[in-house]
2 protein chains.
Amino acid sequence: MQSRSPAAGRPGRPRSAAADAAILAATREALVELGWSKLTLGDVATRAGVAKTTLYRRWSGKNELVVDAVAELFDELCLPDRGSLAADIEGVVLQFAAILARPEARGGLMAVVTEATRDDALRARIRASIVDRQKGLVLEGRSRAQQRGELPPETDPEESARTVDLIFDMVAGAVVHRTLVSGRPVDEEWVRGFTQILLRGLAAPS
Amino acid sequence: MQSRSPAAGRPGRPRSAAADAAILAATREALVELGWSKLTLGDVATRAGVAKTTLYRRWSGKNELVVDAVAELFDELCLPDRGSLAADIEGVVLQFAAILARPEARGGLMAVVTEATRDDALRARIRASIVDRQKGLVLEGRSRAQQRGELPPETDPEESARTVDLIFDMVAGAVVHRTLVSGRPVDEEWVRGFTQILLRGLAAPS
DNA sequence: GCATTACGCTACGACTCGTAGCGAAAGCGT
DNA sequence: ACGCTTTCGCTACGAGTCGTAGCGTAATGC
């Protein structure tokens, strides 16, 4: 996507955009059927109807390919204004959960995060194409809540940045853990309870 | 461990307990050096000084082996009484974070969780040897807080069980996400902010 | 037409997988 | 002491995947 070849007005035959799309779609399909560990690049190439060499000319390996394939799933994330901070949180959490509920996202996202533990370049790629977009939603939601008077305005900008990171880890982490570790669905009931605690805290009366 | 051969008074040569320990230690060592995807069972066998066939006689594959190797890391988790709910939370979060900071836990734990997405037996094994122990700490901490009067007593037992699951996902999820996705350390400052939000909520004044 | 690049195809050595077969070693009961 | 049973280390094996190289062909810009 953003990091791959610009292909600006170079001489010679241009790369097929259709092949790109077919490869990414085939990757997601294989991810559903086989899972991360049994997914092979040769199989993806066959599914996409391209040669294995074509695949290697565009992606350096399994990790990079799957990051791009999974990142497309997060394009649909947005933050419609629902009138209150609680409603905004519930909306975006349900969106995020809906994406994670898809099997190609479950296995794929977790696998690349695992690999990113030992690969800084891969981690940067994940951050740029997936994580930063999500964090932007947190920023937007807080800004709206401050305008509504639901949250106090920022004082220290550095403190403010830390809080955004913290909230982001709490929201995304809880949804991911619920979905992938506990293995239970993120339904409306769960989201209500989660939002309640996030906004008012554990000590508050239910 | 609990699920493997009981080896009760059978005839014949008993299995070497030293080999078990050597294999698990070698697995963690290989996990640090190579990471999940490049770890091979042949390599682990060589490091442990045993034959590859011996390894396959005890574990059915990479997943099961790594679960057992990583599970040992969580044996040290406990919940010392620090006098208040906030202090208890901070204590156990720092313990959990210290384990996750070790490279053999980062890659290994995430990898087996990823694989568990498509393997129910593996998920059950993870739950039994890792997750349930953590959830027990949540239960214990809430019980103490209720005795201190920091939390309201339970009314509906079913509602109560849901709340424990929710808190568990929020705590563990946030720490895991901070460590593995955001890639930033869980230090005392972060833990203070996290506990503050978990107990008093976002809307509370800082 | 010509240079340049992408593409499909085949083939290749290197590696890992998981299993089978063998002889030797280590315990247990008599 | 003697077998019986099970484990262990070793070697070897077919199957599968990896990532690359080479080749002829297709598509684009000048």
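For the numbers below, each heavy atom of this structure counts, side chains included, while hydrogens, waters and symmetry mates do not.
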Distance col, row A/Leu41:CG vs A/Leu55:CG, nearest 0.5 angstrom, shows 6.0 Å
From CG of B/Leu55 over to C1' of C/dT16, roughly how many Å is that when rounded to an integer?
14 Å
Dump the intermediate steps for side-chain contact (heavy atoms from CB on, under 4.5 Å) on A/Leu31 and A/Val70, then the final yes or no.
CA-CA 10 Å; A/Leu31 222 38; A/Val70 172; 4.2 Å; yes
Regarding B/Arg148 and B/Asp81, does a basic nitrogen lie under 4.0 Å from an acidic carboxylate oxygen?
yes
Do A/Thr163 and A/Arg142 have side-chain N/O donor and acceptor atoms under 3.5 Å apart?
no
By the definition side chain to side chain donor-acceptor pair (under 3.5 Å), identify the one residue from A/Gln147, A/Glu140, A/Gln146 that meets it with A/Arg144.
A/Glu140
Criterion salt bridge (charged side-chain N to carboxylate O under 4.0 Å, His left out) on A/Glu72 and A/Arg28, from CA distance to verdict
CA-CA 10 Å; A/Glu72 285 192 337; A/Arg28 286 188 291 268; 2.8 Å; yes
With sequence neighbours excluded, residues passing side chain to side chain donor-acceptor pair (under 3.5 Å) with A/Lys135:
A/Asp165
Which residues in residues 36-46 of chain A have a heavy atom closer than 4.0 Å to any atom of DNA chain D?
A/Thr40, A/Leu41, A/Gly42
Per-nucleotide protein contact string for nucleotides 1-14 of chain D (B base, S sugar-phosphate only, - none; heavy atom under 4.0 Å):
----BBBBBB----
Is the closest side-chain donor-acceptor distance between A/Ser84 and A/Glu150 under 3.5 Å?
no
Could you pull out all residues at least two apart from A/Arg127 that satisfy salt bridge (Lys or Arg N to Asp or Glu O under 4.0 Å)?
none
As a check of understanding: the bend across the helix from C/dG1-D/dC30 to C/dT30-D/dA1, end axes from five pairs, rounded to 10 degrees, works out to 20°
Residue set satisfying salt bridge (Lys or Arg N to Asp or Glu O under 4.0 Å) with B/Glu104, at least two apart, ordered chain then number -> B/Arg102
